[in-house]
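Reviewing the structure listed below.
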Amino acid sequence: MSAQRSVELAPEFAARVLHGVPMSKHTSWHAGGPADIFFSPRDSMDLCSFVRQLPAEVPLMWIGLGSNLLVRDGGIRGAVVSTLGALDALERQSATRIRAEAGVPCARIARQCVKWGLSEAEWFAGIPGTLGGALAMNAGAFGGETWRHVLDVEVLDRRGARHTRTPAEYAIGYRKAQGPQDEWFISARMEFEQRPGIDDTGIRELLEKRRETQPIGEWSCGSVFTNPPGDHAARLIESAGLKGFRIGDASVSKKHANFIINHGTARAADLEALIEHVRQTVAQRTGVSLTAEVRIVGEKA
Ligand SMILES: Cc1cc2nc3c(=O)[nH]c(=O)nc-3n(C[C@H](O)[C@H](O)[C@H](O)COP(=O)(O)OP(=O)(O)OC[C@H]3O[C@@H](n4cnc5c(N)ncnc54)[C@H](O)[C@@H]3O)c2cc1C
């Protein structure tokens, strides 16, 4: 692990940040080394003030529920901001429009939309992340996709200034939403369809379908690779004979070949080695080069 840099923070924040926080506590893979600085803001104003006083040369990263994140064992140099529990406002703005802050879990959006008589948000119930992560990833499932519903987003830049941006300012694609560099999502206004009388049947059915086909409850980050055009990563991995293939305490799920499971003591290096092995084997046996969906960050141990 590289040495932590000492960072001068405003006194108000120096007392509230944590140092050397293991990212294994903040990722659904339960792996990953320490973050030099870990900050849980009280709310969006507090977060803006933190970013404003953070010296410009300190790398900054925001996380939600860490459900799409592989943090290497050497950890993260710089500051990590956790939006969970901080940016948690969720409100209805009109018959069909809602505003949600980035730390709101997607499942809460799904359930609340049903209560408000809004449909087309049910698929959010199966995404075990926050809205911020869903915006960054353009998360989607069962035909639904995050950015299809976005009217505009509020972002914070590295100097601590807020901006409102429209979807036109992003290159949006499958599991991708590329906007201006060094900006993070604070909130989004989204639109759904009115459907009076809607109940949670749709959500329950989607969750049941997931339980049948995916290793829910085990430590994973969901699909490791994006689906190549016209095919499925899981099919290619299975056809390469990799179901159940193991490195250390990490293995390719026998239930869904595009999931990699940490059985308890896998390190990020094991998970990354397995990702690389799958990629190379699939390329050799099928000629298809898979692209990782999971975001790999941090330093090697
Ligand atoms: C069991 C399981 C099933 C899954 N199924 C699906 C699925 O069906 N469809 C799907 O799309 N995904 C799925 N995922 C992956 C994951 O849940 C989504 O990508 C989710 O949107 C990530 O949200 P998060 O809050 O956990 O983001 P994190 O993992 O914390 O972060 C992911 C990326 O987003 C960035 N980020 C987080 N918050 C912000 C913010 N506020 N502003 C800017 N950037 C930010 C991070 O820096 C990082 O680069 C699944 C994961 C698991 C574990």
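Values below: every heavy atom of this structure, side chains too, minus hydrogens, waters and symmetry copies.
- Although no hydrogens or angles enter the test, the distance criterion places no donor-acceptor pair under 3.5 Å between the side chain of Ser251 and the main chain of Ser253.
- Glu293 and Arg295 are not joined by a salt bridge, as no carboxylate oxygen comes within less than 4.0 angstrom of a charged side-chain nitrogen.
- The side-chain heavy atoms of Phe50 and Glu12, taken from C-beta on, include no pair separated by under 4.5 Å.
- Arg52 contributes atom CZ, which lies 7.5 Å from atom CG of Leu156 (distance to the nearest 0.5 angstrom).
- A salt bridge links Glu183 with Arg165: at least one charged nitrogen is closer than 4.0 Å to a carboxylate oxygen.
- With Asp73 contributing its side chain and Ala301 its backbone, the two residues share no donor-acceptor pair below 3.5 Å.
- Of all the heavy atoms in Ala79 and Leu54, the pair that sits closest is CB-CD2, 4.0 Å.
- Distance check, rounded to the nearest 0.5 Å: OG1 of Thr226 to NZ of Lys176 gives 11.5 Å.
- Looking at Cys221 and Ser28, their side chains come closer than 4.5 Å, going by heavy atoms from C-beta outward.
- Put simply, the side chain of Asp152 never gets that close to the backbone of Thr164: no donor and acceptor are under 3.5 Å apart.
- Taking CD1 of Ile98 as the start and OG1 of Thr96 as the end, the distance is 10.5 Å to the nearest 0.5 Å.
- Ion pairing between a basic and an acidic side chain is recognised when a charged N comes within 4.0 Å of a carboxylate O; Arg72 and Glu299 show no such pairing.
- In this structure, CG in Asp43 is found 10.5 Å from CD1 in Ile186, a value given to the nearest 0.5 Å.
- With respect to Arg235 and Glu238, no salt bridge is recorded, no charged nitrogen being found less than 4.0 Å from a carboxylate O.
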Step by step, work out the side chain to side chain donor-acceptor pair (under 3.5 Å) result for Gln214 and Arg210. CA-CA 5 Å; Gln214 299 178 1; Arg210 273 183 179 263; 3.0 Å; yes
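- Side-chain contact between Arg99 and Ser187 is present, with heavy atoms from C-beta onward closer than 4.5 Å.
- Thr130 OG1 to Trp62 CH2: the interatomic distance, rounded to the nearest 0.5 Å, is 11.0 Å.
- Residues Ala257 and Lys243 approach most closely at CB-CG, 3.9 Å, considering heavy atoms.
- Counting only heavy atoms from C-beta outward, the side chains of Pro34 and Val21 never approach each other to under 4.5 Å.
- Looking only at distances, a side-chain donor or acceptor of Glu169 sits under 3.5 Å from a matching main-chain atom of Thr166.
- In this structure the side chain of Ile63 never reaches within 4.5 angstrom of the side chain of Thr83, judged on heavy atoms.
- Met61 and Met23 fall within the same hydrophobic cluster, defined by Ile, Leu, Val, Met, Phe, Trp and Tyr side-chain heavy atoms under 4.5 Å apart, directly or through other members.
- Both Ile296 and Ile260 belong to a single network of hydrophobic side chains, linked directly or stepwise wherever heavy atoms of I, L, V, M, F, W or Y lie under 4.5 Å apart.
- Judged purely by atom type and a 3.5 angstrom limit, Glu193 has no side-chain atom pairing as donor or acceptor with the backbone of Ser119.
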Quick one: do His19 and Phe38 satisfy ring-ring contact (aromatic ring centres under 6.0 Å, His included)? Show the steps, please. CA-CA 6 Å; His19 295 278; Phe38 190 89; over 10 Å; no
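- Between Phe245 and Leu274, the closest side-chain pair of non-hydrogen atoms falls below 4.5 Å.
- With Asn262 contributing its side chain and Ala250 its backbone, the two residues share no donor-acceptor pair below 3.5 Å.
- For Trp29 and Trp219, the ring centers are positioned 6.0 Å apart or more.
- By the criterion of side-chain heavy atoms lying less than 4.5 angstrom apart, applied directly or through intervening Ile, Leu, Val, Met, Phe, Trp or Tyr residues, Leu135 is not grouped with Leu69; the two fall into different hydrophobic clusters.
- If you run side chain to side chain donor-acceptor pair (under 3.5 Å) between Glu191 and each of Arg97, Arg148, Gln93, only Arg97 comes through.
- Taking hydrophobic clusters as Ile, Leu, Val, Met, Phe, Trp and Tyr residues chained together by side-chain heavy-atom distances below 4.5 Å, Leu236 shares a cluster with Phe225.
- Residue Lys25 qualifies as open at atom NZ: its count of foreign heavy atoms under 6.0 Å is 12 or below.
- Between Phe192 and His149, a ring centre-to-centre spacing shorter than 6.0 Å is recorded.
- With rounding to the nearest 0.5 angstrom, the CD atom of Glu101 is 10.0 Å from the CG atom of Leu47.
- For Glu8, the CD atom counts as loosely surrounded, since its 6.0 Å shell holds 12 or fewer non-hydrogen atoms of other residues, nucleotides or ligands.
- Counting heavy atoms from C-beta on, the side chains of Arg267 and Glu272 never come closer than 4.5 Å.
- Sparse packing is recorded around NE2 of His232, with 12 or fewer heavy atoms of other residues, nucleotides or ligands lying under 6.0 Å away.
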Could you please spell out the steps behind the side chain to side chain donor-acceptor pair (under 3.5 Å) verdict for Arg162 and Ser44? CA-CA 10 Å; Arg162 293 176 180 234; Ser44 61; 2.8 Å; yes
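- Residue Thr146 forms a side-chain contact (heavy atoms from CB on, under 4.5 Å) with just one option from Met137, Arg175, Met190, and that option is Met190.
- The residues Lys115 and Asp199 are annotated as not salt-bridged, no charged nitrogen and carboxylate oxygen being separated by less than 4.0 angstrom.
- Taking hydrophobic clusters as Ile, Leu, Val, Met, Phe, Trp and Tyr residues chained together by side-chain heavy-atom distances below 4.5 Å, Val104 shares a cluster with Val150.
- A donor-acceptor pair under 3.5 Å is formed between the side chain of Thr213 and the backbone N or O of Lys209.
- Proximity of a side-chain donor or acceptor of Asp157 to a complementary backbone N or O of Gly160 within less than 3.5 Å is detected.
- Two residues are said to be in side-chain contact when any heavy atoms from C-beta on lie closer than 4.5 Å; Arg158 and Leu60 meet this criterion.
- Counting non-hydrogen atoms of other residues, nucleotides and ligands closer than 6.0 Å to CZ of Arg159 gives a total of 12 or fewer.
- Gln178 CD: 12 or fewer foreign heavy atoms inside a 6.0 Å radius.
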